[in-house]
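Remember, it's a predicted structure, so these values are computed and weren't measured experimentally.
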Amino acid sequence: AASKEINANQDLLLQYSMTTNGTLIHKYLGFLVDNDFNLTVSLDGNKLNDSYRLYKVHGQESFDRVIENMDLIYNSFPQYFRDHINFISVLHDRNSVASTYEFIYSRYHKIPIVTELATKDVKSEKRNIINKMFKDKRNSENDYFTKSKQVIANSLFSSSDYNESKDYIKSYTLNHFMSNLSTLLHK
């Protein structure tokens with residue numbers, strides 16, 4: 001492992017980083033692991049979310065191969081996966097911040113970097129296609145956080161902590177209007 005030898009013999013830290021679509025990782029996995037490559041894998045979420053990613057040669061989706069490769073690393077080299085694998089996703093009309101976060105986090109316990117489609121320097125005859133595919137990251141994030149807050153609030157009001165706090169306040173105060181309890185408990 002060249003980088004390990006250099007790092008062991010000198011006062012500098014040599015690290016390799018690579019962004020990949022993840023389709024050929026299985027062929028070079030030993031080399032990548034032995035040399036502690038930091039990998040950023042392009043994955044837009046679940047199979048539908050990722051369906052724009054096609055093999056150029058035959059036009060088939062690459063999702064199944066990427067997931068097979070990520071699962072191989074996740075299961076065979078868990079420490080390497082934790083320390084050296086990250087994800088980047090492109091936001092478009094087939095995914096959202098929520099669907100991307102939920103898929104990648106639930107499967108790999110990682111939160112991806114989410115970026116918007118690059119619209120600069122698009123050929124004028126292709127601009128309509130990009131405009132149809134484009135999704136604003138800020139709006140998608142706001143939708144995700146708004147829905148997440150609602151889920152948290154709904155689960156809070158059914159929790160035992162909430163009910164015990166509510167009963168305590170009702171028993172020991174004259175004013176027990178409860179609409180702002182979550183704000184009182186979590187500030």
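For Asn21, the side chain to side chain donor-acceptor pair (under 3.5 Å) partners at least two apart in sequence or on another chain are Thr23. For the side-chain contact (heavy atoms from CB on, under 4.5 Å) test, residues two or more places apart in sequence or in another chain that qualify with Glu125 are Lys123. Among residues two or more places apart in sequence or in another chain, the ring pair (Phe, Tyr, Trp, His ring centres under 6.0 Å) test is passed with Phe77 by none.
Taking the six-membered ring where tryptophan is involved, the planes of Tyr108 and Phe103 are perpendicular, since the angle between them exceeds 60° and thus also 30°.
A continuous path of Ile, Leu, Val, Met, Phe, Trp and Tyr side chains, each step under 4.5 Å between heavy atoms, connects Phe31 with Val33, placing both in one hydrophobic cluster. Linking ILVMFWY side-chain heavy atoms closer than 4.5 Å, directly or via other members, places Leu54 and Ile67 in two distinct hydrophobic clusters.
Distance NZ/Lys27 to CG/Asn69: 10.5 Å, rounded to 0.5 Å.
Residues Ile104 and Ser89 approach most closely at CD1-OG, 3.8 Å, considering heavy atoms. Pro112 and Thr100 make their closest contact through CG-CG2, 3.7 Å (heavy atoms, listed as atom of the first residue, atom of the second, distance).
Members clustered with Leu117: Tyr52, Val90, Ile129, Met133, Phe134, by chain and number, using a 4.5 Å side-chain heavy-atom cutoff among hydrophobic residues. In the hydrophobic clustering, where aliphatic and aromatic side chains (Ile, Leu, Val, Met, Phe, Trp, Tyr) are joined below 4.5 Å either directly or transitively, Tyr55 stands alone.
The salt bridge (Lys or Arg N to Asp or Glu O under 4.0 Å) analysis of residues 51-74, with sequence neighbours excluded, yields the pairs Asp44-Arg53, Lys47-Asp64, Asp50-Arg53, Arg65-Glu68, Asp71-Arg107.
Formation of a donor-acceptor pair under 3.5 Å by the His109 side chain with backbone atoms of Arg82 is not found in this model. In this structure a side-chain-to-backbone donor-acceptor pair under 3.5 Å is present from Ser76 to Leu72. A donor-acceptor pair under 3.5 Å is formed between the side chain of Ser140 and the backbone N or O of Val97. In this structure a side-chain-to-backbone donor-acceptor pair under 3.5 Å is present from Ser51 to Leu48.
The aromatic ring centroids of Tyr28 and Phe37 lie 6.0 Å or more from each other.
The shortest distance between side-chain heavy atoms of Ile25 and Leu39 falls below 4.5 Å.
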